[in-house]
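Structure provided below as structure tokens; questions to follow.
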Protein chains: 2
Amino acid sequence: MPKSLDIPQISDAEWTVMRVFWERGEATVNDVVAALEGFTDWKPRTIQTLIRRLHQKGALAHEKNGREFLYRPAVDERDCEHAASRSFLTRVFDGRLTPFLATFAERESLSDEEIAELRKILERNTRDS
Amino acid sequence: MPKSLDIPQISDAEWTVMRVFWERGEATVNDVVAALEGFTDWKPRTIQTLIRRLHQKGALAHEKNGREFLYRPAVDERDCEHAASRSFLTRVFDGRLTPFLATFAERESLSDEEIAELRKILERNTRDS
DNA sequence: CTTGACGGATTACGGATGTAATCGTATTCC
DNA sequence: GGAATACGATTACATCCGTAATCCGTCAAG
């Protein structure tokens, strides 16, 4: 997967589909239908549409596999997560991380484990920089 | 402003407008147009449309003020921020905060001040709970 | 070979969004 | 009071999104 620099816009429903591909590495439409069975109520046609759109956007690559296509991610998961995070922070918090965490922690109590994990992430980053 | 429990969906462009109202408390369409002058390239009509939609959605209240309307926020800023945060985390990170911060810190270096602030937020939350 | 089933491509369709222009009405300046 | 002006309301329109159904071609079973 080329470290893609231009991350396509991935919609809500599309994120659900992409996560399947990032978990499996590759899959056919039917694989995804099976994977989402019981998790969403989407008809197979709907899932096929989402996959096709993701392919058009360049988020999925596909190769012919007999009569059907085998799809695989064409964009990096972390890259997409980061792009979505940036976009969200820009939209809602003027691009800043601390106000986000402040509001979030004010509204939802963080568990002790969560806090410990978050601290660890910060420490890791302190050392590295 | 009633601590609104049902937060309307606020779009990207609408967030830009709402922030003006949250900063000022109240404003007319023209006030917002003036406030966004140089910040966006939106025509006055565009801004008026956004404000009208926000009013329809219940995000803004208005009262007649002479020939024009005086608008004010009808939803709490923190509530909206929190709702948007929840929605984002659910979409991209399976609803979990730590993977978000992990990916974010991996992709962008946090400044020492930022890290200090984040730590403080965590501490505050530890004691309180 | 013919036919049916399955898979991809095309088409559908309503709501949200970005981005306005025009229409209608009321106020204000002569 | 009539005309210009300034607002809000209505209308516009392309694109994206959620959610499919239908059409079309090919592979497989008989």
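To find a chain, count down the sequence lines: A is the first, B the second, and so on, and within it residues start at 1.
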How close or far is atom C1' of C:dG18 from atom CD1 of B:Ile47, stated in whole angstroms?
->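 Computing the B:Ile47:CD1 to C:dG18:C1' distance gives 13 Å.
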By side-chain contact (heavy atoms from CB on, under 4.5 Å) - contacts of A:Val33 (at least two apart) |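 A:Val33 satisfies side-chain contact (heavy atoms from CB on, under 4.5 Å) with A:Val29, A:Pro44, A:Ile47 once adjacent residues are dropped.
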Residue pairs passing the side-chain hydrogen bond (donor to acceptor under 3.5 Å, both in side chains) test where at least one lies in residues 60-74 of chain B, sequence neighbours excluded =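 Residue pairs passing side-chain hydrogen bond (donor to acceptor under 3.5 Å, both in side chains), neighbours aside: B:Glu26-B:Arg72, B:His55-B:His62, B:Glu63-B:Arg72.
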Please report, rounded to the nearest Å, how far the P atom of C:dG7 is from the CG atom of A:Asp31.
->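 Interatomic distance, CG of A:Asp31 to P of C:dG7: 11 Å.
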Looking at B:Lys43, does any N or O in its side chain come under 4.0 Å of the phosphate oxygens OP1/OP2 on C:dT19?
->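 False: B:Lys43 side-chain N/O out of range (4.0 Å or more) of C:dT19 OP1/OP2.
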Side chains of B:Thr16 and B:Phe39: closer than 4.5 Å at any heavy-atom pair?
->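 Contact flag for B:Thr16/B:Phe39 side chains = yes.
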Which residues within residues 9-20 of chain B lie with some heavy atom under 4.0 Å of an atom in DNA chain C?
->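 Listed by number, they are B:Gln9, B:Ser11, B:Asp12, B:Ala13.
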Roughly how many Å is it from CG in B:Leu54 to C1' in C:dT19, rounded to a whole number?
->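 Checked: the CG to C1' distance equals 15 Å.
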Charged N-O contact under 4.0 Å between A:Arg19 and A:Glu77 =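 Salt bridge absent between A:Arg19 and A:Glu77.
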Extract, from 5' to 3' on DNA chain D, the first and final nucleotides lying under 4.0 angstrom from some heavy atom of chain A.
->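 Listing 5' to 3', DNA chain D meets chain A from D:dC17 to D:dC27.
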Which residue pairs pass the side-chain hydrogen bond (donor to acceptor under 3.5 Å, both in side chains) test with at least one member in residues 31-43 of chain A, sequence neighbours excluded?
->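 Only A:Thr28-A:Asp31 qualify under side-chain hydrogen bond (donor to acceptor under 3.5 Å, both in side chains).
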Quick one: are B:Arg119 and A:Leu122 in side-chain contact, heavy atoms under 4.5 Å?
->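 In short, these two side chains touch, coming nearer than 4.5 Å.
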Distances under 3.5 Å between protein N/O atoms and the N/O atoms of nucleotides 8-13 of chain C, please, pair by pair.
residue : atom : partner : partner atom : Å
C:dG8   : OP1  : A:Phe69 : N            : 3.0
C:dG8   : OP2  : A:Gln48 : NE2          : 2.9
C:dG8   : O6   : A:Arg45 : NH1          : 2.9
C:dA9   : N6   : A:Arg45 : NH1          : 3.1

Sub-4.5 Å side-chain heavy-atom contact between B:Arg24 and B:Val32 =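 Not in contact.
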Expressed in angstrom and rounded to an integer, what is the separation of B:Leu36 atom CG from C:dA20 atom P?
->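 The answer, rounded to whole Å, is 13 Å.
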Looking at residues at least two apart in the chain, or sitting in another chain, which of them share a ring pair (Phe, Tyr, Trp, His ring centres under 6.0 Å) with B:Phe21?
->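 With sequence neighbours excluded, B:Phe21 shows a ring pair (Phe, Tyr, Trp, His ring centres under 6.0 Å) to no residue whatsoever.
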Check DNA chain D against residues 88-95 of chain B and give the residues with a non-hydrogen atom under 4.0 Å, in numerical order.
->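 Those residues whose heavy atoms fall under 4.0 Å from DNA chain D, taken from residues 88-95 of chain B, amount to none.
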May I ask you to check whether A:Phe104 and B:Phe100 place their ring centers less than 6.0 Å from one another?
->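 Between B:Phe100 and A:Phe104, which both carry aromatic rings, the centre distance is not below 6.0 Å.
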Please identify each residue that fulfils side-chain contact (heavy atoms from CB on, under 4.5 Å) with B:Arg52, with sequence neighbours left out.
->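 B:Arg52 satisfies side-chain contact (heavy atoms from CB on, under 4.5 Å) with B:Thr49, B:Gln56 once adjacent residues are dropped.
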Spacing between B:Trp42 atom CH2 and C:dG18 atom P, to the nearest angstrom |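 Rounded to the whole Å, the gap is 7 Å.
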Residues two or more places apart in sequence or in another chain: which of them pass salt bridge (charged side-chain N to carboxylate O under 4.0 Å, His left out) with A:Glu14?
->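 If we apply the salt bridge (charged side-chain N to carboxylate O under 4.0 Å, His left out) test to A:Glu14, skipping adjacent residues, the hits are A:Lys57.
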Partners meeting side-chain hydrogen bond (donor to acceptor under 3.5 Å, both in side chains) with A:Thr103 (sequence neighbours left out) =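 Testing A:Thr103 for side-chain hydrogen bond (donor to acceptor under 3.5 Å, both in side chains), a comparison that skips the adjacent residues, returns B:Glu81.
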Please name all residues satisfying side-chain hydrogen bond (donor to acceptor under 3.5 Å, both in side chains) with B:Gln48, sequence neighbours left out, ordered by chain then number.
->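 B:Gln48: side-chain hydrogen bond (donor to acceptor under 3.5 Å, both in side chains) contacts with B:Arg45.
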Rounded to the nearest angstrom, tell me the gap between atom NE2 in A:His55 and atom P in C:dG7.
->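 Interatomic distance, NE2 of A:His55 to P of C:dG7: 18 Å.
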